[in-house]
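So the structure is just underneath, and the comments pick up after that.
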Amino acid sequence: MSRDISYQAVMARKNEIMKASMGIDYDVYKTGKLAFDYERMMDDCGFTTEDIVKIQSSTKVGNTPMFELHNLTEAVRKISAPGKGARIFVKDEAANASGSFKARRASVSAYVAQQKGYKGMIAATSGNYGAAVASQAAQRGLKCIIIQEVYDSKGIGQPEIVEKGRKCEAFGAEVIKMSVGPELFYYNLLTLEETGYFNASLYTPFGIKGVETLGHEVAQQIRAMTGKDPDAVIVTHAGGGNLTGTARGLLQAGCKAQVVACSVDLSGLHMASDNDFNRKSFTTGHTGFGVPFATWPDRADVPRNAARSLRYMDDYMLVSQGEVFYVTELLSKLEGMERGPAGNTSLTGAVALARELNQDQIIVVQETEYTGAGKHHNSQLSFARKMGIEVRRGDPKDSVNGKSIIIPENLGQVMGHRQDMDKLRMSYLKNAAKQCDPSEWSQVDKEFAAADVKKDIKWLENALKTL
Amino acid sequence: MNTIKSGTWVEIEKTLLTTEQRAPQVPDDTKKTPYLMRVAGFLVSDSQLNDEVEVKTLSGRLIKGTLKVVKPHYEHSFGDTVEELLDIGLVGSKI
Ligand SMILES: Cc1ncc(COP(=O)(O)O)c(C=O)c1O
């Protein structure tokens with residue numbers, strides 16, 4: 001029996017491959033031309049929070065420490081207006097088995113794959129999630145294949161991506177290393193079809209439910225340490241699962257903290273470009289994923305994405321590469337801890353945000369990730385130089401993505417800037433309108449779209465007039 | 001010619017899509033390059049570098065491709081010294 005393995009033929013078999021590889025029939029959740037029953041899809045996983053805590057604690061996931069960063073807070077207060085400089089806390093997610101919060105995301109999928117009798121798991125990912133799937137699969141006796149975009153056409157791999165691939169192999173996974181391009185998804189489908197393994201997509205309800213425990217823990221720990229709720233929880237944002245899961249967990253715990261997204265601003269670089277691939281020093285947590293996924297989540301490798309970040313996002317901060325490297329260095333020198341790039345992105349946002357808030361207010365950076373050779377700001381800067389990028393100290397505002405990285409001269413220059421939330425929401429509506437013309441939207445579709453951008457029907461009706 | 005013994009840990013390369021077969025949404029610079037994959041595995045039979053070979057991967061799959069690297073290993077590091085970082089946040093310095 002020979003299957004047609006051309007790009008077009010495999011993509012055309014997408015829905016049947018998906019159904020077989022996850023056991024979820026997404027069609028039953030459809031409620032309109034645009035709308036689907038998101039909460040029902042999430043509930044149908046059938047897991048309570050207690051169930052998930054039990055699953056996670058059996059495979060070395062969750063219950064990570066929370067630390068207050070006293071010295072960094074003090075440094076921020078010195079450069080802030082009188083009375084300003086909120087307390088900064090960080091949740092040390094690097095303590096999860098695979099070294100990042102992604103272990104939460106993989107844990108429930110691995111449990112389900114094992115329960116349903118799949119022999120292995122497959123994920124297509126830039127890295128941390130691959131390590132998480134590999135680590136969880138190893139503990140559950142499942143085989144694992146990770147498909148990763150690694151090299152440009154000259155065969156050069158970003159040091160951080162190379163390290164993430166190594167970690168997957170360390171846990172016994174087969175790592176397929178790809179050149180640049182969106183066809184990762186094509187090979188993912190092809191491999192799911194060939195092996196009959198479980199599709200451990202980042203964007204299933206299982207993945208997002210797994211992150212909800214992170215939000216619960218943040219609420220409980222901050223209450224225990226300070227006697228109150230955090231004012232803001234800042235989340236490194238790319239595909240949106242980190243933010244969605246954490247925010248859902250906070251809400252379930254009755255915590256009304258503002259949920260703030262933070263990404264490295266990589267505007268000007270094209271994510272599927274072979275030329276640009278090695279001209280960026282961040283492999284996730286950047287606007288190249290953060291903006292497209294916020295403004296249209298259903299572009300993922302599942303029919304309906306369980307990560308719907310605009311539903312939960314109150315604010316969105318952008319930081320430059322140089323600002324993150326500066327704050328990463330401060331974390332080591334002032335707080336005596338070395339951690340990897342993704343968590344340090346939201347930490348940089350937290351520094352900027354803390355200056356706007358009062359001293360009695362609390363900001364939580366909800367993750368750290370592991371660090372090591374390749375996955376380190378020194379590796380990234382050294383590599384960037386080799387790729388012809390200018391690296392210097394100065395005002396980060398002068399940096400040009402793909403050409404220069406400017407590391408601030410002092411903490412006062414770590415400012416970040418705001419992403420316009422209404423612009424994002426309008427962009428979502430434009431994308432939704434491409435799926436189905438708004439004149440054909442039912443009341444259910446309108447309610448869905450309004451909820452998907454965290455607004456009410458009145459706002460939506462007005463917004464549609466200006467589209 | 002050096003024969004590479006079956007069972008050796010090697011890396012192969014395989015063209016998945018030629019430049020003509022690539023996805024329609026791929027940007028122009030990327031479209032000029034074929035879509036390649038590399039994977040490591042145990043060599044199935046004695047071969048030489050650049051031969052078309054078969055490997056058995058860590059998940060137990062058999063995959064065919066061109067033999068490119070014998071005993072592939074990692075050598076990513078912390079990179080060269082970046083002097084711009086050294087004086088950030090030192091005890092007693094102004095931040
Ligand atoms: C350690 C870490 N933090 C944050 C993120 C961003 O999460 P998300 O893609 O769910 O927005 C990633 C994802 O790649 C990650 O690996």
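So you know, we letter chains A, B, ... as the sequences are listed, proteins then strands, and number each from 1.
Take Phe383(A) and apply the ring pair (Phe, Tyr, Trp, His ring centres under 6.0 Å) test, not counting sequence neighbours, and it matches no residue. Taking the ring pair (Phe, Tyr, Trp, His ring centres under 6.0 Å) definition, one finds that Tyr151(A) meets it with nothing, sequence neighbours left out. By the salt bridge (charged side-chain N to carboxylate O under 4.0 Å, His left out) test, Arg61(B) is found to be paired with Glu174(A), Glu194(A), residues two or more places apart in sequence or in another chain being considered.
Note that the OG1 atom of Thr66(B) and the CZ atom of Arg38(B) stand 11.5 Å from one another [nearest 0.5 Å]. Remark: Ile405(A) CD1 to Ser399(A) OG distance equals 8.5 Å, nearest 0.5 Å. Taking CG of Leu142(A) as the start and SG of Cys144(A) as the end, the distance is 8.5 Å to the nearest 0.5 Å. With values rounded to the nearest 0.5 angstrom, Asn2(B) atom CG is found 7.5 Å from Ile4(B) atom CD1. Here the OG1 atom belonging to Thr30(B) is positioned 11.5 Å from the CE atom belonging to Met271(A), to the nearest 0.5 angstrom.
Of the two parts of Lys78(A), neither the backbone nor the side chain holds a non-hydrogen atom closer than 4.5 Å to a non-hydrogen atom of chain B. Only the side chain of Ile145(A) comes within contact range of chain B, judged by heavy atoms closer than 4.5 Å. For Gln21(B), the part sitting under 4.5 Å from any heavy atom of chain A is the backbone (N, CA, C, O) and nothing else. At a 4.5 Å heavy-atom cutoff, Ile12(B) makes no contact with chain A through either its backbone or its side chain. For chain A, the nearby part of Gln25(B) is the side chain; its heavy atoms alone come within less than 4.5 Å. The contact between Leu184(A) and chain B is made by backbone and side chain atoms together, counting heavy-atom distances below 4.5 Å. Lys143(A) touches chain B through its side chain: at least one heavy atom from C-beta onward sits under 4.5 Å away, while N, CA, C and O do not. Looking at Leu17(B), the atoms closer than 4.5 Å to chain A (heavy atoms on both sides) all sit in the side chain, from C-beta outward. Only the side chain of Ile407(A) comes within contact range of chain B, with at least one heavy atom under 4.5 Å from a heavy atom of that chain.
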Ring pair (Phe, Tyr, Trp, His ring centres under 6.0 Å) between Tyr186(A) and Tyr7(A), intermediate numbers included:
CA-CA 7 Å; Tyr186(A) 153 82; Tyr7(A) 181 81; 5.7 Å; yes
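Using a 4.5 Å cut-off on side-chain heavy atoms (C-beta onward), Met178(A) and Gln148(A) make no contact.
Taking chain B as the reference chain and counting heavy-atom pairs below 4.5 Å, the highest number among Glu160(A), Lys119(A), Lys386(A), Glu169(A) is found for Glu169(A). Contact count versus chain B (heavy atoms, under 4.5 Å) is highest, among Gln380(A), Lys375(A), Arg385(A), for Arg385(A). For the set Arg166(A), Gln8(A), Met11(A), the count of heavy-atom pairs under 4.5 angstrom toward chain B peaks at Arg166(A). With chain B as partner, the option from Gly157(A), Ser153(A), Gly412(A), Gly372(A) having the largest number of non-hydrogen pairs under 4.5 angstrom is Gly372(A). Taking chain A as the reference chain and counting heavy-atom pairs below 4.5 Å, the highest number among Leu85(B), Leu16(B), Val26(B), Leu90(B) is found for Leu85(B). In terms of heavy-atom pairs under 4.5 Å with chain B, the best-connected choice from Val162(A), Ile5(A), Thr328(A) is Val162(A).
A side-chain N or O of Ser6(A) and one of Asp4(A) form a donor-acceptor pair less than 3.5 Å apart.
Judged purely by atom type and a 3.5 angstrom limit, Asp395(A) has no side-chain atom pairing as donor or acceptor with the backbone of Asp398(A). In this structure a side-chain-to-backbone donor-acceptor pair under 3.5 Å is missing from Gln158(A) to Val150(A).
Using non-hydrogen atoms only and a strict 4.5 Å limit, the part of residues 70-79 of chain B facing chain A consists of Tyr74(B), His76(B), Ser77(B), Phe78(B), Gly79(B).
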